[in-house]
Number of protein chains: 2
Amino acid sequence: MQEAVEIVSEKGLNALTMSTLSAKVGVTEGALYRHFSSKNELIMDILNDIFLETTSQISEVNSRKQPNAAKLQQIMENQLFIFKQRPAIANLLFAEEYFLTNHDIKILIYSIINTIQLYIQEIFEAGKNNGEFKNHIHPRHISLMFLGTIRMLVMNWKLSNYQWDLPIEGQVFCQNLLEIIEEKNFNQ
Amino acid sequence: MQEAVEIVSEKGLNALTMSTLSAKVGVTEGALYRHFSSKNELIMDILNDIFLETTSQISEVNSRKQPNAAKLQQIMENQLFIFKQRPAIANLLFAEEYFLTNHDIKILIYSIINTIQLYIQEIFEAGKNNGEFKNHIHPRHISLMFLGTIRMLVMNWKLSNYQWDLPIEGQVFCQNLLEIIEEKNFNQ
DNA sequence: CTTTTGTAAGTAAATATTCACATACATGCA
DNA sequence: TGCATGTATGTGAATATTTACTTACAAAAG
């Protein structure tokens, strides 16, 4: 699974075939089928790992006692750091088109993104309730914009051939968003 | 080209093969090669059409004499309406992964998205300069968030099996964003 | 001795692309 | 009008390659 993620990171999802994977691992294709009944199962296992890793990281950040603005900044930083180190994860999470034909994978990606969005949404909700953020923001909308920003950043970063630092740029964006929605006279 | 777009709209980018396309058009595969030297050329021709259509529409909206907020709303509405009617266009524009291996197509998609973002950015810039939007927004950041929101909306819409109306939901999001950045005491 | 894990060599289907050949049709010429 | 010629457009069959996956058999390990 690690080698598979590496292939996707380096050469994109299309380069991940049972043939290239077996070559990279150093076994025959048949050997792969001893461990994964199909290529889809392999991908779904990887997606499940990503799911667990991501949600555990977000909920860890969420459990810390600190302003909600700080939580959001840390989540974006963590997430972009992961994408920076293993771009494959962005490829897989945002490749809904690629799996349009496969119902199971579509459902899985859907639930992953949905879960992440709900986490973010709750943070905005909490910040709105304790007066940290302005009262007229809509947590559901802002959280989707938050994720959309991450996605667009990653896409631009890739299209620019990784010429700038993803996490740093992400911090700038996050600060800008927070500036707009933060209540000026808020004190913890 | 129209039939190709339809295939992508209905069954995704992976379903677009010279075989399926020729079957849909009602000719043989060889006939397709009388008009397009390769599959990539076909896709690039389609992308170029999308490019022209999109930018002409945006600049038409931009030339109207009206508040910048209204321009943004109209652009989002137009764009989501196009995506609603021909989801393929979203597939193609946002399929950077798919074309990771093809340099020409990557460059083309890059320039399309870049151009669109610059248009949006200019509108935010104008709104900032004439006091319509708050002074501390960053046009480059906001425009990227604007596009990210559109993209995320389209993705959610697809993953939800088109269960809600895309343009209407887009309007709600747009109004929310504008509420946050609009200067309250602004009068044209 | 049984289960796990591997190999080598296949499979059928799909892929983009090409080729020799056929038809349709407009234009130019007698 | 009647005929030749060139070009655009199509056919049908074949190409080599790649794809995910399978099967018969062997080694290894507990």
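Here is the naming used below: chain letters follow the sequence lines, and residue numbers restart at 1 for every chain. Fair warning: this is a prediction, and the values are worked out from it, not measured in the lab.
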Would Q117(A) and S143(A) count as having a side-chain donor-acceptor pair, cut-off 3.5 Å? yes

I need the CG-P distance between N14(B) and dT15(C), as an integer number of Å. 10 Å

Considering all heavy atoms, the nearest N161(B)-K106(A) contact: OD1-NZ, 2.9 Å

T17(B) side-chain proximity, nearest of dT15(C), dT17(C), dT7(C): dT15(C)

Close approaches to DNA chain C from residues 35-48 of chain B, in residue order (heavy atom, under 4.0 Å): S38(B), K39(B)

Residue set satisfying salt bridge (charged side-chain N to carboxylate O under 4.0 Å, His left out) with D165(B), at least two apart, ordered chain then number -> K84(B)

With a 4.0 Å cut-off, would you call E132(A) and K71(A) a salt bridge? no

Quickly work out the R34(B) CZ to dT18(C) P distance and round it to whole Å. 12 Å

Below 4.0 Å from chain A heavy atoms, what is the first contacting nucleotide of DNA chain D and what is the last? dT19(D) to dT22(D)

Does E53(A) have any salt bridge (charged side-chain N to carboxylate O under 4.0 Å, His left out) partners at least two apart in sequence or in another chain, and if so, which? R86(A)

I'd like to check the ring pair (Phe, Tyr, Trp, His ring centres under 6.0 Å) partners of F81(A); sequence neighbours left out, ordered by chain and number. none

L16(B) CG to dT15(C) P, straight-line distance once rounded to whole Å: 10 Å

Count the heavy atoms belonging to other residues, nucleotides or ligands that lie under 6.0 Å from NE2 of H136(A), then report whether that count exceeds 12. yes

If the plane angle is over 60° it's perpendicular, under 30° parallel, otherwise tilted; pick one for F124(B) and F146(B). perpendicular

Counting only non-hydrogen atoms, which of residues 23-30 of chain A are less than 4.0 Å from DNA chain C? V27(A), T28(A), G30(A)

Within a 6.0 Å radius of atom NZ on K11(B), are there more than 12 heavy atoms belonging to other residues, nucleotides or ligands? no

Determine whether N156(A) and E169(A) satisfy the following criterion, side-chain contact (heavy atoms from CB on, under 4.5 Å), listing intermediate values before the conclusion. CA-CA 11 Å; N156(A) 274 18; E169(A) 191 74 1; over 6 Å; no

